[in-house]
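Below is one structure; the comments refer to it alone.
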Protein chains: 2
Amino acid sequence: MPATLRDVAERAQVSMRTVSNVVSGYTHVSEKMRKRVLEVIDELDYRPNPVARSLRTGRTGLLALVVPEIDVPYFSALARDVINAAAAFGYRVMVDQTGHDHDQERELLTGADRTMLFDGILFSPLVTKAELLEMSSPTRMPIVLLGEHEFDGRYDHVAIDNVRAAHDAVAHLIASGRTRIAAIGAQPLEEYATPQQRTAGYESALSEAGIDIDPRLAKPAAHYSRADGYRAAAELLAQSRRPDAIFCFSDLLAMGAMRAIFDAGLSIPEDVAIIGVDDIEEGRYSRPSLSTVSLDTAFIAEQAIARVTARIDEPELPPREVVAPHALVVRESTAH
Amino acid sequence: MPATLRDVAERAQVSMRTVSNVVSGYTHVSEKMRKRVLEVIDELDYRPNPVARSLRTGRTGLLALVVPEIDVPYFSALARDVINAAAAFGYRVMVDQTGHDHDQERELLTGADRTMLFDGILFSPLVTKAELLEMSSPTRMPIVLLGEHEFDGRYDHVAIDNVRAAHDAVAHLIASGRTRIAAIGAQPLEEYATPQQRTAGYESALSEAGIDIDPRLAKPAAHYSRADGYRAAAELLAQSRRPDAIFCFSDLLAMGAMRAIFDAGLSIPEDVAIIGVDDIEEGRYSRPSLSTVSLDTAFIAEQAIARVTARIDEPELPPREVVAPHALVVRESTAH
DNA sequence: TTGTAGGCGTTATCAC
DNA sequence: GTGATAACGCCTACAA
């Protein structure tokens with residue numbers, strides 16, 4: 001059995017209060033007392049019970065990070081930075097996976113998990129705006145939305161400007177002389193904000209350049225996975241007039257697309273240029289290396305942690321939108 | 001303020017005991033009572049407070065997964081499976097990163113975290129055998145060692161047979177006609193078990209084939225990262241007699257090595273064959289696709305969760321070693 | 001500066 | 001089958 005505060009107090013011949021003060025690094029404790037208490041703590045190998053402390057204080061020091069899949073490189077990079085940023089604030093991070101399941105997402109926010117287990121939630125959602133609004137009212141849990149969702153004024157929110165990011169990527173393709181520019185990642189359902197925004201950026205860049213929008217060049221992708229990218233690219237290449245460039249809504253889609261292009265006997269960037277979004281490390285070592293729109297996951301994580309911890313301390317803070325910077329990174333896959 | 005058990009009891013005109021029974025799905029509750037209580041629970045939107053429950057029961061339903069870096073593909077794949085397997089047992093998973101820091105590793109096991117916050121720990125360690133033994137005695141926390149550590153009989157342990165895995169990889173290279181076979185991943189310090197075991201497998205395969213072991217062909221790598229793989233491969237290629245094959249101790253090293261080989265103007269597998277370990281998805285889409293030794297992360301995760309939950313329920317279980325299967329996967333990078 | 005006591009919300013031990 | 005009541009281990013007014 002682990003030693004309790006009471007054990008220490010008895011052994012050291014002091015009150016529990018004093019022991020508690022020593023443990024919590026409280027101010028007014030005489031040197032003599034402190035030393036004696038510390039000795040006994042060491043002797044008994046006492047550690048405060050965090051569960052009891054949490055029950056008393058109402059805080060657990062735990063945050064939840066909710067992502068679709070932790071093994072998607074973008075999310076694992078985000079998790080790395082979130083865990084590190086949280087540690088700097090004295091928080092630890094629980095990782096929950098929704099597996100692209102809307103119901104599970106809603107459950108995680110409104111359901112059994114809107115309990116007192118976490119002090120806050122960092123949520124990288126798939127859900128629609130409507131659903132977010134719907135579930136928003138009942139919870140008082142500090143929540144920060146991560147990634148790429150429209151700001152609806154009800155939640156703290158850290159994201160890049162998706163429309164601009166997509167626009168920048170496509171404008172780069174146009175600037176390098178491409179004219180038949182496909183897109184992979186539009187969502188079959190109209191519910192998702194991110195694909196909509198990126199589609200908007202894609203189309204606006206084309207329009208600005210006076211290029212007609214060809215709906216056959218926009219391919220959906222359900223999960224932003226390599227497999228989806230492969231499939232979509234293969235379909236594009238099988239069409240009558242094939243594209244000379246593809247804007248992929250994620251680097252992972254791009255990795256799959258690149259493989260499909262090679263399997264079709266074509267060259268990158270000579271026959272088809274490729275650009276993605278996320279700047280995962282994989283794209284720096286691939287052949288060719290992958291041009292992309294870089295997202296600063298460390299920045300996103302730090303801002304998110306700053307917001308959620310601020311809200312934990314001050315629940316009535318007005319929600320704020322933080323726009324994270326993005327940057328075009330040109331590598332071999334779009335070099336001319 | 002969220003409703004408590006007492007609130008529900010008062011409103012439903014029953015005792016807290018009865019409410020608790022209903023919530024816990026306990027057996028002996030009359031239908032009438034149950035219905036009335038459930039109504040009030042719904043009315044008040046009551047959720048049991050997990051912290052209070054934990055204090056009382058001594059269990060948190062939380063597991064810790066300790067890995068060097070969550071954004072290393074192997075670890076994020078492992079985390080995915082661990083989280084899913086844990087969920088099937090009613091547990092949630094906290095992810096801690098040690099960042100290749102020995103002190104942090106030891107701290108996480110013996111230190112402040114050997115508290116009552118977790119019911120158990122899944123630990124993918126870097127530490128030496130000696131250190132593991134040293135820290136082992138004081139803790140009663142159920143711990144399962146994951147990945148590739150020698151079984152020392154003191155902990156539950158789930159891992160592949162590293163010596164055989166390495167042997168199989170190198171034997172495959174030999175069988176495909178390679179004779180100057182390099183290795184990337186040997187550790188500069190003698191402390192790590194995994195590199196030692198893989199080095200042993202590498203050397204035994206060479207010896208069996210009557211190939212002399214050339215120490216200049218064994219390159220160390222500190223972090224099993226792409227950057228380390230790139231660097232080590234570049235060094236190998238700069239040497240007088242360059243290798244015709246490289247066994248990389250991880251797929252990530254292999255991804256870096258492949259890029260280095262291309263940057264040197266050589267072809268894979270024509271000039272140099274490459275094989276890794278882990279079977280990360282990235283290697284299925286790379287060009288060339290990467291031959292590897294596949295580890296079954298789902299199996300490892302399920303076994304680990306099964307062990308740790310069993311030990312939580314029955315602390316005195318004798319530690320057991322589970323050897324996870326591995327399989328050679330031949331892809332383009334070693335095709336002849 | 002230190003001691004005492006009450007309660008955080010739940011489950012478990014007693015009675016009935 | 002159900003109702004009161006004591007812990008679980010800690011923090012913190014309130015006293016001293």
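Computed from a prediction, not measured in an experiment: that's the story for all the values here. Keep in mind that the numbers below use all heavy atoms, side chains included, and drop hydrogens, waters and symmetry copies. Chain letters run A, B, ... following the sequence lines, proteins first and then strands; every chain starts at 1.
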**Message:** Let's go through B/Arg59 and B/Asp313 carefully: what are the C-alpha distance in whole Å and the side-chain angles of both, what is the deciding distance for salt bridge (Lys or Arg N to Asp or Glu O under 4.0 Å) to 0.1 Å, and is it a yes or a no?
**Reply:** CA-CA 10 Å; B/Arg59 296 209 184 163; B/Asp313 294 333; 3.0 Å; yes
**Request:** In whole angstrom, give the distance that lies between atom CG of B/Leu55 and atom C1' of C/dT11.
**Result:** 10 Å
**Request:** Find the distance B/Arg47:CZ to C/dC8:P and express it as a whole number of Å.
**Result:** 21 Å
**Complete:** In this structure, CG of A/Leu117 is separated from CZ of B/Arg53 (nearest 0.5 Å) by 10.5 Å
**Prompt:** Roughly, in whole Å, what's the span from CD in A/Glu10 to P in C/dT4?
**Reply:** 12 Å
**Prompt:** What is the distance from OH of A/Tyr46 to P of D/dC11, rounded to the nearest Å?
**Reply:** 6 Å
**Phosphate-side-chain proximity, A/Ser20 and D/dC10, N/O vs OP1/OP2 below 4.0 Å** = no
**Prompt:** What is the per-nucleotide protein-contact pattern of nucleotides 1-7 of chain D, from the 5' end, where B denotes a base atom under 4.0 Å from a protein heavy atom, S denotes such proximity for sugar-phosphate atoms only, and - denotes neither?
**Reply:** SSBB-BB
**Complete:** Rounded to whole Å, CD1 of B/Ile41 lies from P of C/dG9 at a distance of 16 Å
**Prompt:** Does B/Ser24 have a side-chain nitrogen or oxygen under 4.0 Å from the phosphate oxygens OP1 or OP2 of C/dT11?
**Reply:** yes
**Message:** Surrounding CZ of B/Arg36 (heavy atoms of other residues, nucleotides or ligands, distance under 6.0 Å), is the total greater than 12?
**Reply:** yes
**Request:** Among A/Val66, A/Leu65, A/Asp96, find the residue that satisfies the side chain to side chain contact (heavy atoms under 4.5 Å, CB included) test when tested with A/Phe123.
**Result:** A/Val66
**Prompt:** When rounded to the nearest 0.5 angstrom, what is the spacing between CZ in B/Arg311 and CG in B/Asp119?
**Reply:** 14.0 Å
**Asked** Between the two ends of the helix from C/dT1-D/dA16 to C/dC16-D/dG1, what is the bend in degrees, rounded to 10 degrees, where each end axis spans five pairs?
**Response** 40°
**Prompt:** Got a sec, which residues hit side chain to side chain donor-acceptor pair (under 3.5 Å) with A/Ser54, two or more places apart in sequence or on another chain?
**Reply:** none
**Fill in**
dist B/Leu55:CG -> A/Leu55:CG (nearest 0.5 Å) comes out at 5.5 Å
